[in-house]
Participant: 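Let me give you the structure first, and then I'll get to my questions.
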Amino acid sequence: MKTSLLRRTLLATASAVMLMGAILPAAQAQNKVLLRVSTPAVPDDWHAKMWTVFKDTLEKSAPGEFDVQINLNATLFKQGTEPTAMARGNLELSSISAFDIAKLVPEFSIFTAGYVIRDPAHQQKVFNGPIGTEMFKTVAEKMDVTPLSTVYLGTRQINLRDARNVKVPADLKGVKLRMPGSKEWLFLGEALGATATPLAFGEVYLGLKTGTIDGQDNPLPSVRAAKFYEVTKQIVMTSHLVDGIFIAISNKAFNAMTPAQKQKVTAAAQAAASYNNENRLKEEGQLVDFFKQQGLQVTTPDVEAFRKSVQTTYQNSDYAKVWPKGLLERINATQ
Ligand code: KDO
(Lines give C-alpha, C1' and ligand atoms only; values in the text may rest on other atoms or scores of the structure.)
Protein backbone atom coordinates (compact mmCIF):
# COMPACT_ATOMS: atom_id res chain seq x y z
CA MET A 1 0.00 0.00 0.00
CA LYS A 2 2.57 2.45 1.16
CA THR A 3 4.81 1.72 -1.84
CA SER A 4 1.97 2.15 -4.28
CA LEU A 5 0.92 5.49 -2.71
CA LEU A 6 4.50 6.70 -2.86
CA ARG A 7 4.72 5.56 -6.49
CA ARG A 8 1.51 7.37 -7.37
CA THR A 9 2.68 10.52 -5.60
CA LEU A 10 6.00 10.40 -7.43
CA LEU A 11 4.29 9.83 -10.77
CA ALA A 12 1.88 12.69 -10.14
CA THR A 13 4.75 15.01 -9.20
CA ALA A 14 6.73 13.96 -12.28
CA SER A 15 3.83 14.63 -14.64
CA ALA A 16 3.15 17.97 -12.94
CA VAL A 17 6.79 18.93 -13.46
CA MET A 18 6.62 17.83 -17.10
CA LEU A 19 3.43 19.82 -17.63
CA MET A 20 5.01 22.90 -16.07
CA GLY A 21 7.98 22.45 -18.40
CA ALA A 22 5.65 22.49 -21.40
CA ILE A 23 3.57 25.42 -20.19
CA LEU A 24 6.36 27.64 -18.90
CA PRO A 25 7.96 28.68 -22.22
CA ALA A 26 4.53 29.53 -23.60
CA ALA A 27 3.73 31.51 -20.47
CA GLN A 28 7.09 33.30 -20.69
CA ALA A 29 6.44 34.12 -24.36
CA GLN A 30 3.04 35.49 -23.36
CA ASN A 31 4.67 37.85 -20.88
CA LYS A 32 6.97 39.22 -23.54
CA VAL A 33 5.97 42.31 -25.46
CA LEU A 34 4.92 41.07 -28.90
CA LEU A 35 6.42 43.04 -31.78
CA ARG A 36 5.17 41.77 -35.16
CA VAL A 37 7.01 43.17 -38.18
CA SER A 38 5.61 43.11 -41.71
CA THR A 39 7.48 44.26 -44.82
CA PRO A 40 7.40 43.53 -48.56
CA ALA A 41 11.22 43.45 -48.57
CA VAL A 42 12.87 40.32 -50.00
CA PRO A 43 15.21 38.45 -47.59
CA ASP A 44 18.39 39.42 -49.41
CA ASP A 45 17.72 43.18 -49.30
CA TRP A 46 19.29 45.36 -46.61
CA HIS A 47 15.99 46.69 -45.34
CA ALA A 48 14.94 43.07 -44.69
CA LYS A 49 18.19 42.13 -42.97
CA MET A 50 18.03 45.26 -40.80
CA TRP A 51 15.12 43.72 -38.88
CA THR A 52 17.44 41.00 -37.58
CA VAL A 53 19.71 43.80 -36.33
CA PHE A 54 16.66 45.36 -34.66
CA LYS A 55 15.77 42.05 -33.00
CA ASP A 56 19.35 41.28 -31.90
CA THR A 57 19.93 44.80 -30.56
CA LEU A 58 16.77 44.58 -28.50
CA GLU A 59 17.64 41.10 -27.23
CA LYS A 60 20.95 42.53 -25.99
CA SER A 61 19.54 45.68 -24.38
CA ALA A 62 16.44 43.99 -22.92
CA PRO A 63 17.04 40.22 -22.73
CA GLY A 64 13.81 38.21 -22.80
CA GLU A 65 11.54 41.29 -22.76
CA PHE A 66 10.40 41.37 -26.40
CA ASP A 67 9.15 38.77 -28.84
CA VAL A 68 10.12 40.18 -32.25
CA GLN A 69 8.49 38.27 -35.13
CA ILE A 70 9.81 39.22 -38.57
CA ASN A 71 7.59 38.64 -41.64
CA LEU A 72 9.22 39.39 -45.01
CA ASN A 73 7.90 39.25 -48.62
CA ALA A 74 4.57 40.87 -47.60
CA THR A 75 3.47 37.52 -46.14
CA LEU A 76 1.68 39.08 -43.16
CA PHE A 77 0.26 42.28 -44.69
CA LYS A 78 0.09 43.40 -48.33
CA GLN A 79 2.40 46.22 -49.41
CA GLY A 80 0.85 49.55 -48.47
CA THR A 81 -1.69 48.13 -45.99
CA GLU A 82 0.74 48.16 -43.05
CA PRO A 83 -0.14 51.66 -41.69
CA THR A 84 -3.84 50.74 -41.38
CA ALA A 85 -2.92 47.43 -39.71
CA MET A 86 -0.70 49.31 -37.25
CA ALA A 87 -3.33 51.95 -36.50
CA ARG A 88 -5.82 49.17 -35.75
CA GLY A 89 -3.37 47.38 -33.47
CA ASN A 90 -3.05 44.30 -35.71
CA LEU A 91 0.63 44.98 -36.40
CA GLU A 92 3.30 46.63 -34.29
CA LEU A 93 6.11 47.54 -36.69
CA SER A 94 6.83 48.19 -40.35
CA SER A 95 8.90 50.41 -42.59
CA ILE A 96 6.52 52.87 -44.20
CA SER A 97 7.16 55.06 -47.23
CA ALA A 98 6.56 58.75 -47.81
CA PHE A 99 3.85 57.61 -50.26
CA ASP A 100 2.07 55.64 -47.50
CA ILE A 101 2.23 58.69 -45.25
CA ALA A 102 1.08 61.16 -47.92
CA LYS A 103 -2.26 59.35 -48.15
CA LEU A 104 -3.15 60.56 -44.64
CA VAL A 105 -0.77 63.49 -44.20
CA PRO A 106 -1.06 65.27 -47.57
CA GLU A 107 1.82 67.71 -46.93
CA PHE A 108 4.17 64.71 -46.72
CA SER A 109 3.78 64.37 -50.52
CA ILE A 110 6.64 66.85 -50.77
CA PHE A 111 8.89 63.84 -50.10
CA THR A 112 7.25 61.80 -52.88
CA ALA A 113 8.23 64.43 -55.43
CA GLY A 114 11.17 63.66 -57.65
CA TYR A 115 14.40 65.61 -57.23
CA VAL A 116 13.52 67.24 -53.88
CA ILE A 117 15.92 65.35 -51.58
CA ARG A 118 19.41 65.80 -53.06
CA ASP A 119 21.34 62.82 -51.72
CA PRO A 120 21.42 60.33 -48.81
CA ALA A 121 23.22 62.77 -46.47
CA HIS A 122 20.64 65.47 -47.21
CA GLN A 123 17.88 62.95 -46.47
CA GLN A 124 19.31 62.14 -43.03
CA LYS A 125 19.80 65.86 -42.21
CA VAL A 126 16.24 66.73 -43.20
CA PHE A 127 14.57 63.90 -41.26
CA ASN A 128 16.87 63.98 -38.24
CA GLY A 129 16.53 67.77 -37.92
CA PRO A 130 13.66 70.16 -37.11
CA ILE A 131 11.73 69.38 -40.33
CA GLY A 132 11.66 65.68 -39.45
CA THR A 133 10.64 66.40 -35.85
CA GLU A 134 7.70 68.57 -36.99
CA MET A 135 6.52 66.23 -39.71
CA PHE A 136 6.82 63.08 -37.58
CA LYS A 137 4.74 64.76 -34.84
CA THR A 138 1.92 65.25 -37.36
CA VAL A 139 2.34 61.64 -38.57
CA ALA A 140 2.00 60.33 -35.00
CA GLU A 141 -1.13 62.44 -34.45
CA LYS A 142 -2.87 61.69 -37.74
CA MET A 143 -1.79 58.10 -38.38
CA ASP A 144 -1.47 56.67 -34.88
CA VAL A 145 2.02 55.39 -35.68
CA THR A 146 5.33 56.83 -34.52
CA PRO A 147 8.33 57.00 -36.89
CA LEU A 148 11.48 55.89 -35.06
CA SER A 149 14.23 56.12 -37.68
CA THR A 150 14.91 57.07 -41.28
CA VAL A 151 16.07 54.31 -43.60
CA TYR A 152 17.76 55.12 -46.91
CA LEU A 153 16.02 52.88 -49.44
CA GLY A 154 18.30 54.06 -52.20
CA THR A 155 18.13 56.29 -55.24
CA ARG A 156 15.49 55.15 -57.70
CA GLN A 157 16.50 54.39 -61.29
CA ILE A 158 14.50 53.24 -64.29
CA ASN A 159 14.97 49.60 -65.24
CA LEU A 160 13.69 48.47 -68.66
CA ARG A 161 12.81 45.09 -70.12
CA ASP A 162 14.08 46.12 -73.58
CA ALA A 163 16.83 48.64 -74.18
CA ARG A 164 15.88 51.96 -75.76
CA ASN A 165 17.41 55.36 -76.23
CA VAL A 166 16.22 57.38 -73.23
CA LYS A 167 17.60 60.90 -72.92
CA VAL A 168 14.58 62.99 -71.93
CA PRO A 169 11.11 62.25 -70.43
CA ALA A 170 9.51 62.25 -73.92
CA ASP A 171 11.59 59.15 -74.72
CA LEU A 172 9.56 57.20 -72.13
CA LYS A 173 6.26 57.96 -73.88
CA GLY A 174 4.08 54.84 -73.99
CA VAL A 175 6.44 52.82 -71.78
CA LYS A 176 4.38 50.81 -69.28
CA LEU A 177 6.33 51.65 -66.17
CA ARG A 178 5.32 49.66 -63.11
CA MET A 179 4.81 51.70 -59.96
CA PRO A 180 3.48 50.58 -56.56
CA GLY A 181 -0.30 50.85 -56.38
CA SER A 182 -1.22 54.29 -55.12
CA LYS A 183 -2.01 57.54 -56.88
CA GLU A 184 1.03 59.27 -55.39
CA TRP A 185 3.33 56.64 -56.92
CA LEU A 186 1.50 56.68 -60.26
CA PHE A 187 1.89 60.46 -60.39
CA LEU A 188 5.65 60.08 -60.10
CA GLY A 189 5.68 57.56 -62.97
CA GLU A 190 3.65 59.90 -65.16
CA ALA A 191 5.87 62.85 -64.20
CA LEU A 192 8.80 60.85 -65.58
CA GLY A 193 7.01 60.74 -68.95
CA ALA A 194 5.92 57.08 -68.82
CA THR A 195 2.55 55.33 -68.65
CA ALA A 196 2.41 54.37 -64.98
CA THR A 197 1.00 50.90 -64.27
CA PRO A 198 0.23 49.80 -60.68
CA LEU A 199 1.58 46.47 -59.44
CA ALA A 200 2.68 45.14 -56.05
CA PHE A 201 6.42 44.63 -55.58
CA GLY A 202 6.02 40.85 -55.30
CA GLU A 203 4.56 40.66 -58.82
CA VAL A 204 7.16 42.75 -60.61
CA TYR A 205 9.59 39.95 -61.51
CA LEU A 206 6.90 37.98 -63.32
CA GLY A 207 5.48 41.13 -64.93
CA LEU A 208 8.89 41.91 -66.41
CA LYS A 209 9.44 38.32 -67.47
CA THR A 210 6.12 37.97 -69.26
CA GLY A 211 6.03 41.50 -70.65
CA THR A 212 2.85 42.75 -68.95
CA ILE A 213 5.03 45.73 -67.99
CA ASP A 214 7.93 47.33 -69.92
CA GLY A 215 9.88 48.45 -66.90
CA GLN A 216 9.98 49.35 -63.24
CA ASP A 217 11.80 51.84 -61.04
CA ASN A 218 13.73 50.92 -57.90
CA PRO A 219 17.07 51.60 -56.24
CA LEU A 220 19.93 49.44 -57.57
CA PRO A 221 20.28 47.28 -54.40
CA SER A 222 16.64 46.23 -54.72
CA VAL A 223 17.10 45.49 -58.45
CA ARG A 224 19.88 43.14 -57.35
CA ALA A 225 18.12 41.61 -54.33
CA ALA A 226 14.84 40.95 -56.19
CA LYS A 227 16.79 39.73 -59.23
CA PHE A 228 15.07 42.11 -61.67
CA TYR A 229 18.36 42.21 -63.63
CA GLU A 230 17.61 38.64 -64.78
CA VAL A 231 14.55 39.82 -66.71
CA THR A 232 15.59 43.31 -67.88
CA LYS A 233 18.15 44.71 -70.34
CA GLN A 234 18.75 48.30 -69.31
CA ILE A 235 19.09 50.64 -66.38
CA VAL A 236 18.57 54.34 -67.08
CA MET A 237 20.28 56.37 -64.34
CA THR A 238 17.60 59.01 -63.86
CA SER A 239 18.24 59.16 -60.07
CA HIS A 240 14.75 60.62 -59.82
CA LEU A 241 14.01 59.90 -56.16
CA VAL A 242 16.36 59.68 -53.19
CA ASP A 243 13.95 57.33 -51.49
CA GLY A 244 13.42 56.84 -47.79
CA ILE A 245 11.32 54.58 -45.63
CA PHE A 246 10.66 55.04 -41.94
CA ILE A 247 10.73 52.38 -39.25
CA ALA A 248 7.44 53.07 -37.50
CA ILE A 249 5.65 51.56 -34.53
CA SER A 250 1.93 51.52 -33.75
CA ASN A 251 1.06 54.05 -31.05
CA LYS A 252 -1.02 51.41 -29.31
CA ALA A 253 2.10 49.27 -28.79
CA PHE A 254 4.41 52.20 -28.11
CA ASN A 255 2.18 53.90 -25.56
CA ALA A 256 1.86 50.64 -23.61
CA MET A 257 5.64 50.57 -23.04
CA THR A 258 7.62 51.89 -20.10
CA PRO A 259 9.94 54.86 -20.83
CA ALA A 260 12.93 52.48 -20.65
CA GLN A 261 11.34 50.11 -23.17
CA LYS A 262 10.51 52.99 -25.50
CA GLN A 263 14.11 54.14 -25.38
CA LYS A 264 15.44 50.63 -26.12
CA VAL A 265 13.03 50.08 -29.02
CA THR A 266 13.96 53.48 -30.49
CA ALA A 267 17.68 52.72 -30.14
CA ALA A 268 17.17 49.33 -31.84
CA ALA A 269 15.30 51.01 -34.73
CA GLN A 270 18.17 53.46 -35.10
CA ALA A 271 20.75 50.66 -35.08
CA ALA A 272 18.74 48.83 -37.75
CA ALA A 273 18.58 51.96 -39.93
CA SER A 274 22.33 52.60 -39.54
CA TYR A 275 23.10 49.01 -40.56
CA ASN A 276 20.91 49.36 -43.65
CA ASN A 277 22.19 52.82 -44.57
CA GLU A 278 25.88 51.89 -44.38
CA ASN A 279 25.53 48.65 -46.31
CA ARG A 280 23.12 49.96 -48.90
CA LEU A 281 25.24 53.02 -49.68
CA LYS A 282 28.33 50.87 -50.08
CA GLU A 283 26.57 48.38 -52.33
CA GLU A 284 24.86 51.07 -54.39
CA GLY A 285 28.29 52.39 -55.37
CA GLN A 286 29.39 48.99 -56.66
CA LEU A 287 26.35 47.75 -58.53
CA VAL A 288 26.76 49.48 -61.91
CA ASP A 289 29.73 47.18 -62.61
CA PHE A 290 27.76 44.16 -61.43
CA PHE A 291 24.84 44.90 -63.77
CA LYS A 292 27.20 45.47 -66.70
CA GLN A 293 28.78 42.08 -65.99
CA GLN A 294 25.28 40.62 -66.09
CA GLY A 295 24.95 41.99 -69.64
CA LEU A 296 22.73 45.02 -68.91
CA GLN A 297 23.23 48.39 -70.54
CA VAL A 298 23.60 51.12 -67.92
CA THR A 299 22.95 54.48 -69.57
CA THR A 300 22.95 58.09 -68.37
CA PRO A 301 20.12 60.30 -69.64
CA ASP A 302 19.94 64.08 -69.61
CA VAL A 303 19.27 64.20 -65.85
CA GLU A 304 18.78 67.99 -65.95
CA ALA A 305 15.97 67.58 -68.49
CA PHE A 306 14.30 64.99 -66.22
CA ARG A 307 14.81 67.21 -63.16
CA LYS A 308 13.29 70.26 -64.82
CA SER A 309 10.31 68.40 -66.20
CA VAL A 310 9.55 66.45 -63.01
CA GLN A 311 9.92 69.54 -60.78
CA THR A 312 7.63 71.59 -63.02
CA THR A 313 5.03 68.81 -63.08
CA TYR A 314 4.96 68.70 -59.27
CA GLN A 315 5.00 72.48 -58.83
CA ASN A 316 1.93 72.75 -61.09
CA SER A 317 0.08 69.89 -59.41
CA ASP A 318 -2.48 69.78 -56.61
CA TYR A 319 0.15 68.13 -54.43
CA ALA A 320 2.21 71.33 -54.24
CA LYS A 321 -0.89 73.30 -53.16
CA VAL A 322 -0.86 71.60 -49.74
CA TRP A 323 2.87 71.87 -49.11
CA PRO A 324 3.29 74.22 -46.13
CA LYS A 325 4.53 77.64 -47.17
CA GLY A 326 8.31 77.80 -47.10
CA LEU A 327 8.85 74.06 -46.55
CA LEU A 328 10.48 73.45 -49.93
CA GLU A 329 12.82 76.38 -49.31
CA ARG A 330 13.68 75.02 -45.84
CA ILE A 331 14.37 71.57 -47.31
CA ASN A 332 16.57 73.12 -50.01
CA ALA A 333 18.41 75.19 -47.42
CA THR A 334 19.17 72.16 -45.22
CA GLN A 335 22.89 71.46 -45.51
C1 KDO B 1 8.49 49.24 -54.62
O2 KDO B 1 7.45 48.59 -54.52
O3 KDO B 1 8.95 49.60 -55.69
C4 KDO B 1 9.20 49.64 -53.32
O5 KDO B 1 10.52 50.05 -53.62
C6 KDO B 1 8.43 50.75 -52.63
C7 KDO B 1 8.99 51.01 -51.23
O8 KDO B 1 8.25 51.98 -50.55
C9 KDO B 1 9.03 49.72 -50.43
O10 KDO B 1 7.71 49.27 -50.16
C11 KDO B 1 9.79 48.63 -51.21
O12 KDO B 1 9.24 48.48 -52.51
C13 KDO B 1 9.69 47.26 -50.56
O14 KDO B 1 10.18 47.30 -49.26
C15 KDO B 1 10.46 46.20 -51.36
O16 KDO B 1 11.83 46.50 -51.47
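We count ligands from 1, going down the list as the structure has it; atoms in each ligand are counted the same way. In this text the structure is predicted, and so the values were computed from the model without any measurement. Position 1 is the first residue of the sequence; numbering continues from there.
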Participant: Return a table of N or O atom pairs, ligand 1 on one side and protein on the other, at distances under 3.5 Å, rounded to 0.1 Å.
Facilitator:
residue	atom	partner	partner atom	Å
ligand 1	2 (O)	Gln79	NE2	2.8
ligand 1	2 (O)	Arg178	NH1	3.3
ligand 1	2 (O)	Arg178	NH2	2.8
ligand 1	3 (O)	Arg156	NH2	2.8
ligand 1	3 (O)	Arg178	NH1	2.7
ligand 1	3 (O)	Asn218	OD1	3.4
ligand 1	3 (O)	Asn218	ND2	2.9
ligand 1	5 (O)	Arg156	NH1	3.1
ligand 1	5 (O)	Arg156	NH2	3.4
ligand 1	5 (O)	Asn218	OD1	2.7
ligand 1	10 (O)	Gln79	NE2	3.0
ligand 1	12 (O)	Gln79	NE2	3.3
ligand 1	14 (O)	His47	NE2	2.7
ligand 1	16 (O)	His47	NE2	3.0

Participant: For the residue pair Ser274 / Asn277, report whether a side-chain donor-acceptor contact shorter than 3.5 Å exists.
Facilitator: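 Checked: Asn277/Ser274 side chains show no N/O donor-acceptor pair below 3.5 Å.
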Participant: With distance as the sole criterion, is a donor-acceptor pair present between the side chains of Gln69 and Asp67 under 3.5 Å?
Facilitator: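 Per modelled atom types, Gln69 and Asp67 side chains form a pair under 3.5 Å.
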Participant: Could you list the donor-acceptor pairs under 3.5 angstrom formed between side-chain atoms of residues 178-186 and any protein atom two or more places apart in sequence or on another chain?
Facilitator:
residue	atom	partner	partner atom	Å
Arg178	NE	Leu199	O	2.9
Arg178	NH2	Leu199	O	2.9
Ser182	OG	Glu184	OE1	3.4

Participant: Can you name the one residue among Lys264, Lys32, Met257 that meets side chain to side chain contact (heavy atoms under 4.5 Å, CB included) with Glu65?
Facilitator: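 Testing each of Lys264, Lys32, Met257 against Glu65, the sole residue satisfying side chain to side chain contact (heavy atoms under 4.5 Å, CB included) is Lys264.
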Participant: In residues 318-326, what donor-acceptor pairs under 3.5 Å come from side-chain atoms, sequence neighbours left out?
Facilitator:
residue	atom	partner	partner atom	Å
Asp318	OD1	Lys321	NZ	2.8
Trp323	NE1	Ser109	OG	2.9
Trp323	NE1	Tyr319	O	3.3

Participant: May I have all residue pairs that pass salt bridge (Lys or Arg N to Asp or Glu O under 4.0 Å) and include part of residues 209-229, sequence neighbours excluded?
Facilitator: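 Every pair satisfying salt bridge (Lys or Arg N to Asp or Glu O under 4.0 Å) with a residue in residues 209-229: Asp44-Arg224, Arg156-Asp217, Arg224-Glu283.
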